[in-house]
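Just follow the structure's listing: the first ligand is 1, and inside any ligand the first atom is 1. Since this is a predicted model, take the numbers as computed values, not measurements.
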Amino acid sequence: MKMTLPFCTRTLRVLALLAATGHLATAQETPATRAGNAKPAETHQTGTKPAETLTTNHGLPISDNQNQLKAGVRGPVLLEDFILREKIQHFDHERIPERIVHARGSGAHGYFQCYKSQADITKAAFLQDPDKKTEVFVRFSTVAGERGSADLARDVRGFAVKFYTTEGNYDLVGNNMPVFFIQDAMKFPDLVHAVKPEPNNGIPQAASAHDTFWDFASLTPEINHMLQWVMSDRAIPRSFRMMEGFGVHTFRLVNTKGEAQFVKFHWRPKLGMQSVVWDEATKINGKDSDFHRRDLWDAIERGEFPEWELGLQVIDQATAAKLDFDLLDPTKLVPEEIVPLRIVGKLVLNRNPDNFFAETEQVAFLPTNLIPGIEFTNDPLLQGRLFSYQDTQLSRLGGPNFHQLPINAAKGCPFGVQNFQRDGMHQMAVPKGRVSYEPNSLDEGKGPRENPTRGFKSVPEEMSGEKVRKRSETFADHYSQARLFFRSQTEPERRHIISAFAFELAKVQTKAIRTRMLGHLANVDATLHAGVAAALGMKDASEETKPAVAPRDLPLSPALSILGKMPKTLAGRKIGVLVADGFDAARLAELRASAKREKATVAVIAPKIGGAKDNTGKTIEAEMALSGAPSVLFDAVVVLAAKESAAELAANASALDWVRDAFSHCKVLGYSIEAQPLLDVAGVKTGEGVVEVARDAEAFIKAAKDGRIWSREPGLRPPG
Ligand code: HDE
């Protein structure tokens with residue numbers, strides 16, 4: 001018997017409404033007149049060319065991508081709707097496991113080009129010919145947060161570069177800090193478990209400011225040097241484009257004569273290094289959690305291609321022997337003042353990925369991707385990584401054939417990729433013939449064979465020693481370089497380190513952990529210790545920790561400071577201009593012209609996205625509305641208003657926050673004289689870095705190029 005469900009009056013009213021708003025076909029409509037029933041080829045044409053035909057994954061053309069197959073228009077769905085099932089099932093499996101560490105990342109394509117041949121030190125293919133560009137893919141990341149976490153977490157940044165060289169892929173999987181938390185791979189799972197959200201409640205996300213991290217840190221003296229770096233401004237970069245990168249471990253370079261030397265890899269950003277301040281970072285996370293990802297993407301879209309130079313610290317045996325630490329210890333750096341950088345080439349990122357998943361997510365970096373001319377050392381942290389990365393890809397990318405994914409596949413190698421490895425999950429290739437082993441006599445020599453002249457050979461190294469689980473005594477000095485780092489910073493940077501320790505330790509609930517950490521800080525530096533203890537209100541609470549090796553005072557290394565070597569530039573930076581009705585159009589035009597000259601960008605912000613009227617009565621559209629464009633998103637800011645609109649801004653909390661934050665984050669702030677009431681209500685005093693633009697737009701630009709006004713900070717923000 002055929003059964004129909006009766007419509008209730010309310011349903012009828014809803015249906016009538018839907019029909020009236022165009023969401024439901026009316027009796028007069030033919031199926032093809034509304035999207036829900038239209039044929040794709042009829043509705044989605046591009047220009048005069050008919051659209052491509054939509055198909056299933058098995059190639060079957062699809063006639064209707066809007067509706068399931070049902071028994072009657074209001075009836076149940078049929079199980080036989082294989083097209084629906086295929087679509088939903090594929091969707092159900094769209095996610096792959098995120099990376100255990102470095103889950104949150106952003107990538108870009110580009111190239112590397114060397115300035116001149118480096119044949120004297122290495123036979124590495126991409127360092128030979130200055131006329132040749134080697135394709136690269138780079139992925140930047142944070143370490144602790146999950147895939148959807150915010151960009152401005154206090155954290156180390158991954159800086160992983162895949163070079164698609166003619167000798168196969170070379171991956172330089174580094175960080176934006178030159179040292180690491182631990183010395184031995186055995187401790188990595190403990191470190192990561194400690195910093196990740198606590199396992200009982202999954203809190204906190206992307207933050208080291210919690211008990212388990214500091215518990216582990218306070219019991220691991222070797223971590224102290226790295227703690228200086230992660231509590232410094234290096235851990236809250238302004239942009240990926242403004243970060244240094246490091247290979248961290250000591251590697252080896254080998255030339256064609258078989259001569260080997262030690263090497264440390266460095267990336268130096270062309271825009272100079274820059275960081276934000278902590279309060280700014282926490283606010284950016286709230287207002288634009290994709291701040292770094294967006295910045296990289298937008299810069300590349302604008303054609304402002306980020307650039308880094310590759311620097312090598314080449315260390316011969318004699319120099320290595322003279323160093324007062326062990327080159328194999330990844331918690332130590334080689335000061336540039338002792339071994340200067342040899343700048344060998346540039347890295348340019350000039351193309352955004354076409355598809356985030358296929359490229360940025362599926363890219364698999366392997367420290368074992370080596371090419372002739374570069375080799376490992378016995379750094380015990382590096383040695384552990386040599387196993388881990390391949391292993392993790394097996395579960396992350398679902399099998400042993402992830403090297404066939406387009407982003408991971410080697411390209412441009414004269415021999416291609418050919419061997420007798422076969423089968424496995426997601427095998428994409430179709431190997432021909434009956435032979436899948438070597439040696440064999442059946443392929444008549446047509447199959448691949450080993451190549452003693454071109455093949456990769458490790459430099460012969462004598463090895464001997466007892467089988468032991470033991471740390472080398474040469475790794476035992478845990479404080480000297482931590483002290484070196486702190487003392488090499490400028491005053492504002494030291495203040496920030498003290499504040500960061502105080503912030504993080506104040507979040508630690510277990511008092512004994514705080515007192516243990518204070519004991520370590522006392523070994524690093526007395527002012528650091530006193531500053532943190534005072535900020536915590538724990539002056540006499542340190543638990544003494546006896547160092548295994550007494551810390552020494554090393555010659556300072558100015559290269560470790562960001563501010564000390566910060567270029568005076570606005571290139572790549574962003575000026576936020578808040579405009580309100582009646583603002584002076586000429587001022588805005590002047591600012592735009594000056595910014596362009598300085599290679600900076602300008603974003604116009606208005607109380608409403610529709611824009612504001614200038615003093616000629618013309619409406620200037622805003623790029624951003626005030627509610628979504630706090631001043632933390634910009635490097636320097638300007639307020640342009642007329643008398644009346646300034647009074648309105650002075651009564652608007654968002655506008656007050658805008659100028660107050662810019663001021664307290666030590667930014668240069670320009671204003672038209674009419675906007676003075678806003679500054680007054682916000683408590684912003686005129687003085688250094690607060691510049692009236694009507695009188696002198698150039699003075700504003702000059703001040704903004706000089707960077708932040710750090711002298712404001714001590715009065716505004718006590719450590720903690
Ligand atoms: Fe990693 N690391 N790591 N790491 N690492 C991973 O590999 C690991 C270390 C670094 O954008 C994982 O593909 C161990 C140092 C970067 O895809 C995993 C040890 C340095 C990235 C892994 C270390 C790094 C990773 C997670 C100690 C700086 C992201 C997913 C022995 C030189 C690469 C993956 C990308 C990713 C293991 C220490 C940098 C689990 C065992 C030191 C930039 O395999």
Subject >> Arg99 N/O under 3.5 Å from ligand 1 N/O >> reply: yes

**OP:** Mark yes or no for whether Asp477, through its side chain, and Tyr479, through its backbone, hold a donor-acceptor pair below 3.5 Å.
**Re:** yes

Subject >> Donor-acceptor under 3.5 Å (Asp155 side chain, Ala206 main chain) >> reply: no

Original post:
Got a second to check how far Leu347's CG is from Glu307's CD, nearest 0.5 Å?
Top reply: 8.5 Å

Subject >> Salt-bridge criterion met for Lys187 and Asp190 (N-O under 4.0 Å) >> reply: yes

**OP:** Take the angle between the ring planes of Trp308 and Phe140 and call it parallel below 30°, perpendicular above 60°, tilted in between.
**Re:** tilted

**OP:** Considering only non-hydrogen protein atoms, determine which one is nearest to atom 43 (C) of ligand 1 and report residue, atom name and distance to 0.1 Å.
**Re:** Gly174 O, 3.2 Å

Original post:
How far is atom 33 (C) of ligand 1 from its nearest protein heavy atom, and which residue and atom is that?
Top reply: Phe365 CD1, 3.9 Å

**OP:** Below 4.0 angstrom from a heavy atom of Gly158, which ligand 1 atoms are there? Numbered from 1 as shown, please.
**Re:** 43 (C)

Original post:
For ligand 1, which atoms, with element, lie under 4.0 Å from some heavy atom of Asn175?
Top reply: 20 (C), 28 (C), 39 (C), 43 (C)

**OP:** May I ask you to decide if Ala364's main-chain N or O and Asn408's side chain share a donor-acceptor pair within less than 3.5 Å?
**Re:** yes

**OP:** Return yes when at least one N/O/S atom of Tyr389 is nearer than 2.8 Å to atom 1 (Fe) of ligand 1, and no when none is.
**Re:** yes

Original post:
Which protein non-hydrogen atom lies closest to atom 32 (C) of ligand 1, naming both residue and atom, and how far is it?
Top reply: Arg385 NH1, 3.2 Å

**OP:** Heavy-atom contacts with Val248 under 4.0 Å: which atoms of ligand 1 show up? List them by number with element.
**Re:** 28 (C), 32 (C)

Original post:
At what distance is the nearest protein heavy atom to atom 25 (C) of ligand 1, and which residue and atom is it?
Top reply: His102 CD2, 3.2 Å

Original post:
Quick one: does Ser388 get an N or O within less than 3.5 Å of an N or O on ligand 1?
Top reply: yes

Original post:
Hey, does the side chain of Asn355 reach the backbone of Ala358 with a donor-acceptor pair shorter than 3.5 angstrom?
Top reply: yes

Subject >> Option of least heavy-atom distance to atom 42 (C) of ligand 1 (set: Phe387, Phe140, Phe180) >> reply: Phe180

Subject >> Option of least heavy-atom distance to atom 27 (C) of ligand 1 (set: Phe265, Phe188, Phe159, Phe246) >> reply: Phe188

Original post:
Under a 4.0 Å N-O cut-off, is there an ion pair linking Arg483 with Asp525?
Top reply: no

**OP:** Indicate the ring-plane relationship of Trp267 and Phe163, choosing parallel, tilted or perpendicular according to the 30° and 60° boundaries.
**Re:** parallel

Original post:
Counting each atom of ligand 1 from 1 as listed, which ones have a heavy atom of Ala185 under 4.0 Å away?
Top reply: 31 (C)

**OP:** Could you establish whether Gly105 and ligand 1 come within less than 4.0 Å of each other, counting only heavy atoms on the residue side?
**Re:** no

**OP:** Examine ligand 1 and decide if any of its atoms is less than 4.0 Å from a heavy atom belonging to His249.
**Re:** yes

Original post:
Do Arg139 and ligand 1 have an N or O pair less than 3.5 Å apart?
Top reply: yes

Original post:
Does Gln393 reach ligand 1 with a nitrogen or oxygen that is under 3.5 Å from one of the ligand's nitrogen or oxygen atoms?
Top reply: yes

**OP:** Could you label the plane-to-plane angle of the Phe246 and His266 rings as parallel, tilted or perpendicular, counting under 30° as parallel and over 60° as perpendicular?
**Re:** perpendicular

Original post:
With backbone taken as N, CA, C and O and side chain as the heavy atoms from C-beta onward, which portion of Thr392 lies under 4.0 Å from ligand 1: side chain, backbone, both, or neither?
Top reply: side chain

Original post:
Applying a 4.0 Å heavy-atom criterion (strictly less than), which segment of Leu381 is in contact with ligand 1: side chain, backbone, both, or neither?
Top reply: both

**OP:** Verify whether one side chain among Glu198 and His210 offers a donor that lies under 3.5 Å from an acceptor in the other.
**Re:** yes

Original post:
Do the side-chain N and O atoms of Arg252 and Gln261 include a donor-acceptor pair separated by under 3.5 angstrom?
Top reply: no

